[in-house]
Each structure stands twice: as structure tokens, then as C-alpha cells.
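Counting starts at 1 for both ligands and their atoms, in listed order.
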Amino acid sequence: MKIASTFKASPFATSLLLLLPLALLALIYLIPNHIYYSLTSCRPSPANSLDNRAVAKPEFRLLVGIMTLPDKYERRHLMRYAYSLQRNITTAQIDIRFVFCNLTTEEQRLYVSLEIMHHDDIIILNCTENLSDGKSYVFYSSLPTMFGGGDRGGYPLYDYVMKSDDDTYFRLDALVEALKGKPKKDMYFGCGVETQNRTHPPFMLGMGYIISWDLVEWIAKSEYVRNHSTGVEDIITGMWLNTENRGKNRYNNYPLMYNYRGRNPEDFEPGTIAVHLLKELERWTRTLNHFNVTKGLKPSKLYHIP
Ligand SMILES: *[C@@H]1O[C@H](CO)[C@@H](O)[C@H](O)[C@H]1NC(C)=O
Ligand SMILES: *[C@@H]1O[C@H](CO)[C@@H](O)[C@H](O)[C@H]1NC(C)=O
Ligand SMILES: *[C@@H]1O[C@H](CO)[C@@H](O)[C@H](O)[C@H]1NC(C)=O
Ligand SMILES: *[C@@H]1O[C@H](CO)[C@@H](O)[C@H](O)[C@H]1NC(C)=O
Ligand SMILES: *[C@@H]1O[C@H](CO)[C@@H](O)[C@H](O)[C@H]1NC(C)=O
Ligand SMILES: *[C@@H]1O[C@H](CO)[C@@H](O)[C@H](O)[C@H]1NC(C)=O
Ligand SMILES: *[C@@H]1O[C@H](CO)[C@@H](O)[C@H](O)[C@H]1NC(C)=O
């Protein structure tokens with residue numbers, strides 16, 4: 001009601017409103033092309049991005065690829081919240097990306113485009129989701145083309161790349177601490193199977209493992225790896241590295257990366273790096289509550305959350 005009467009009272013405002021878009025259009029048209037392009041091509045990360053790019057001199061740069069499916073909008077929404085509360089990492093650059101194969105529906109093309117415009121944190125690989133057992137190969141082997149090119153004066157854009165899943169929650173503080181001072185070459189980091197060789201696990205579990213960029217490049221080039229690109233994703237990644245005696249700098253974070261065990265305080269390890277098998281919302285709730293992630297909520301007259 002109020003809005004309508006305001007408009008009635010001011011015909012000048014109404015005509016201004018109508019003229020404004022026209023004026024803007026004229027302005028864009030009048031600006032010489034090269035200036036207009038330089039205004040639009042400088043594309044900063046959206047305010048809603050998870051990137052902690054304010055880090056001045058990172059000790060390392062890590063790309064985290066979370067394997068998921070296009071339709072899992074709600075899970076991405078939840079994980080963005082979980083990680084946006086951890087953007088205050090000051091010693092490392094951590095870029096978190098959701099990774100999936102080709103979109104297949106009109107709905108996905110619209111909603112995923114909107115997500116990208118809003119968050120810019122999605123990587124779409126050239127594959128079909130059916131090929132799920134070869135997806136981590138496609139991921140690693142696509143990265144040199146996506147991020148290569150030596151934008152950092154010949155250095156690769158990332159020192160490390162993690163492959164993770166949409167049912168794993170990482171505590172980035174603890175992860176950064178565990179990665180501190182580790183070699184940036186020939187490095188394989190994660191959590192081995194409890195019953196296997198603890199100092200040199202044959203492979204790191206799929207909940208989340210990191211390899212250094214030199215190994216990413218090797219995977220992308222190796223004919224052997226291309227010939228053996230399918231299988232149980234975490235086991236074959238270990239197998240690729242083992243056949244050429246690579247990943248010699250191996251770091252097993254057992255028992256700080258583990259499968260969800262329950263809701264009680266003793267079900268979580270002090271110094272936890274990652275909790276896995278967070279399939280249901282209930283498990284996410286229990287886990288995020290255990291780690292007090294909403295402790296920073298400011299009191300207000302506008303809401304009451306007991
Ligand atoms: C980042 O924020 C979280 C939650 O507020 C806090 O627990 C943590 O200590 C902070 N980390 C750093 C490196 O400041
Ligand atoms: C995508 O993959 C298909 C089938 O594997 C291949 O034919 C095509 O050339 C690839 N396209 C790009 C852009 O890499
Ligand atoms: C994925 O989509 C692109 C075009 O968007 C197409 O060129 C490519 O062949 C598709 N790849 C597969 C494996 O279907
Ligand atoms: C996935 O595979 C199944 C059977 O192998 C097939 O029916 C289905 O169309 C495939 N889906 C896609 C998106 O390729
Ligand atoms: C674990 O693997 C390393 C390297 O292959 C080997 O030297 C060591 O003996 C193994 N330890 C056990 C307990 O098998
Ligand atoms: C990969 O497979 C091709 C075709 O089967 C074969 O000719 C080649 O020798 C294999 N290369 C390696 C390194 O296994
Ligand atoms: C969460 O907060 C409670 C109450 O302040 C505290 O006792 C507990 O140790 C905290 N949990 C963790 C994992 O930091």
C-alpha cells in the first residue's frame with residue numbers, strides 16, 4: 001500500500017525509474033569497447049566463494065576437489081556453510097571445489113549455472129556420471145589443462161590436490177597443521193587402512209587424500225595409469241603410485257581421519273582432521289555440533305536459538 005501511494009505522489013520518481021535502465025544501456029553503449037571489456041573481464045571471486053584468498057604468503061596452496069553429483073544441491077549448500085565458517089585460515093591457501101561430470105538436464109544447466117555465478121566453486125569434468133569408478137582419474141588428468149600454464153611465474157597454481165567426497169567433513173585448521181612443513185614433491189597424504197602398513201600404507205582411503213602437483217602431472221601423462229584408470233578409486237590411486245615407486249613421502253594420519261562412530265564426545269578424536277561417512281543430515285548435525293561450529297553466533301533480539 002505504502003509503495004503504491006509513494007508512486008502516485010511522485011510521477012517524477014516513476015519516470016526516473018523508467019528512464020534509468022535506458023540511461024544505463026546508453027552508457028554501456030557509449031563507453032569504448034576496450035574499456036567496457038576491461039571492466040567486465042576482471043572477474044573477482046564472488047563474495048560467496050569459499051576461497052581464503054586474503055592469505056598474503058601461503059606456506060602451500062591446496063585445491064580440494066569434492067566429488068559429488070549435479071543434483072545434490074542441498075549437500076553442497078550444507079558443505080558451503082560448513083567450510084565458510086573456516087575461511088579464517090591464514091597460513092595456507094585452500095580452494096574448495098565441487099566436482100562432477102557432464103550435466104544432463106535442463107534443470108541442472110540452469111541451477112548449476114546459477115550456483116557458479118553465485119559461488120564460482122564448481123568444476124565440471126568431461127565424463128558421464130555412470131563412469132563413477134573412473135572419475136578420480138578424469139579429475140586428476142584434467143587438472144594440468146585446467147590450472148597449468150604457470151600463472152605464478154612458472155610455478156604451478158597448486159602445490160597439492162586433494163580428492164574428497166561429499167560425505168567427508170574436514171577441519172581445515174587441523175589439516176593445515178598436519179600439512180605444515182611437508183615436502184611439496186612426491187607426496188601422498190591421507191589415512192591408510194588400520195590393519196595395513198602404518199608407516200607406508202599401500203593406499204590412502206577415499207574419504208580424502210592429497211597428492212603433490214608433480215604426481216598430478218605424472219598421472220595425467222602416464223600411459224600405464226591411463227590403461228588402468230578404472231577400479232576402486234582409492235585402491236587404484238595407491239596402485240598407480242606403487243608400480244613406479246612414487247609417493248615416497250607418505251603421511252598416514254590414522255587415527256585422526258576416521259569413519260563416523262556416533263554422537264558421544266568419545267566418538268570423536270581430539271585433533272580430528274576428518275570425519276567420514278556423513279551420509280545423513282543427522283550425522284552432519286552431530287558432527288558440526290560436536291565441533292561447536294555455531295559457537296560464534298551473535299546474540300540478538302531478532303532470534304532466539306536455545
Ligand atoms: C577460525 O575460526 C574458528 C571458529 O571461529 C576458530 O575455532 C579457529 O580457532 C579460527 N582459526 C584461526 C586460524 O584463526
Ligand atoms: C570429451 O570426452 C569425449 C568422450 O570421451 C571426447 O570425445 C571429447 O573429445 C571430449 N571433449 C573435450 C572438450 O575434451
Ligand atoms: C560432455 O559435454 C560436452 C559438451 O558440453 C561434450 O562435448 C562431451 O562429449 C560430453 N562428454 C561426455 C563424456 O559425454
Ligand atoms: C547409465 O547407465 C545405465 C545402464 O548402464 C543406462 O541405462 C543409463 O542411461 C546411463 N545414464 C547415463 C546418464 O548415461
Ligand atoms: C612398511 O613399508 C615400508 C616401506 O615399504 C617397509 O620398509 C616396512 O618394513 C613396512 N613395515 C611393515 C610393518 O610391514
Ligand atoms: C596400454 O594399452 C595399450 C593398448 O592396450 C598397449 O598397447 C600399451 O602397451 C599399454 N601401455 C602400458 C604402459 O601398459
Ligand atoms: C565445545 O564447547 C564445549 C562447551 O564450551 C566444550 O566443553 C567442548 O570441549 C567443545 N568441543 C570441542 C571439540 O572443542
ask   = atom 12 (C) of ligand 7: which of Thr272, Asn289, Val293, Asn292 has the nearest heavy atom?
value = Asn292
key: Residue pair Asn253 / Ala178: nearest heavy atoms and the distance that separates them   = OD1-CB, 3.9 Å
Atoms of ligand 3, numbered as shown, that sit under 4.0 Å from any heavy atom of Asn126 = 1 (C), 8 (C), 10 (C), 11 (N), 12 (C), 13 (C)
request  = Measure the shortest side-chain to side-chain distance between Trp240 and Ile211 over non-hydrogen atoms and say whether it is less than 4.5 angstrom.
outcome  = no
request  = Applying side-chain contact (heavy atoms from CB on, under 4.5 Å) between Leu62 and each of Ile96, Val161, Leu175, Ile89, report the one that passes.
outcome  = Leu175
ask   = Would you call Met187 and Leu179 a side-chain contact if the rule is heavy atoms closer than 4.5 Å?
value = yes
query = Which ligand 5 atoms, with their elements, are less than 4.0 angstrom from a heavy-atom of Thr199?
reply = 1 (C)
Quiz item: cation-pi between Lys163 and Phe139, 6.0 Å / 45° = no
query = So which protein heavy atom does atom 3 (C) of ligand 5 come closest to, and at what separation?
reply = Asn197 ND2, 3.6 Å
Nearest protein heavy atom under 4.0 Å from atom 5 (O) of ligand 7, yes or no = no
query = Is there at least one pair of N or O atoms, one from His200 and one from ligand 5, spaced under 3.5 Å apart?
reply = no
request  = May I ask whether atom 9 (O) of ligand 7 is less than 4.0 Å from at least one protein heavy atom?
outcome  = no
query = Are Glu129 and Lys135 close enough for a salt bridge, meaning some N to O gap below 4.0 Å?
reply = yes
query = So, Phe291 versus Phe268, ring centres under 6.0 angstrom or not?
reply = yes
ask   = Thr128 heavy atoms, cut-off 4.0 Å: which ligand 3 atoms fall inside?
value = 14 (O)
ask   = Do ligand 7 and Lys295 have nitrogen or oxygen atoms that lie under 3.5 Å from each other?
value = no
note = closest protein heavy atom to atom 13 (C) of ligand 7 is His290 O, 3.4 Å
query = Parallel, tilted or perpendicular: which describes the rings of Tyr158 and Trp213, with under 30° parallel and over 60° perpendicular?
reply = tilted
note = Logged contact type for Cys101 with ligand 3, heavy-atom cut-off 4.0 Å, is neither
query = In terms of residue, atom name and distance, what is the protein heavy atom nearest to atom 1 (C) of ligand 3?
reply = Asn102 ND2, 1.5 Å
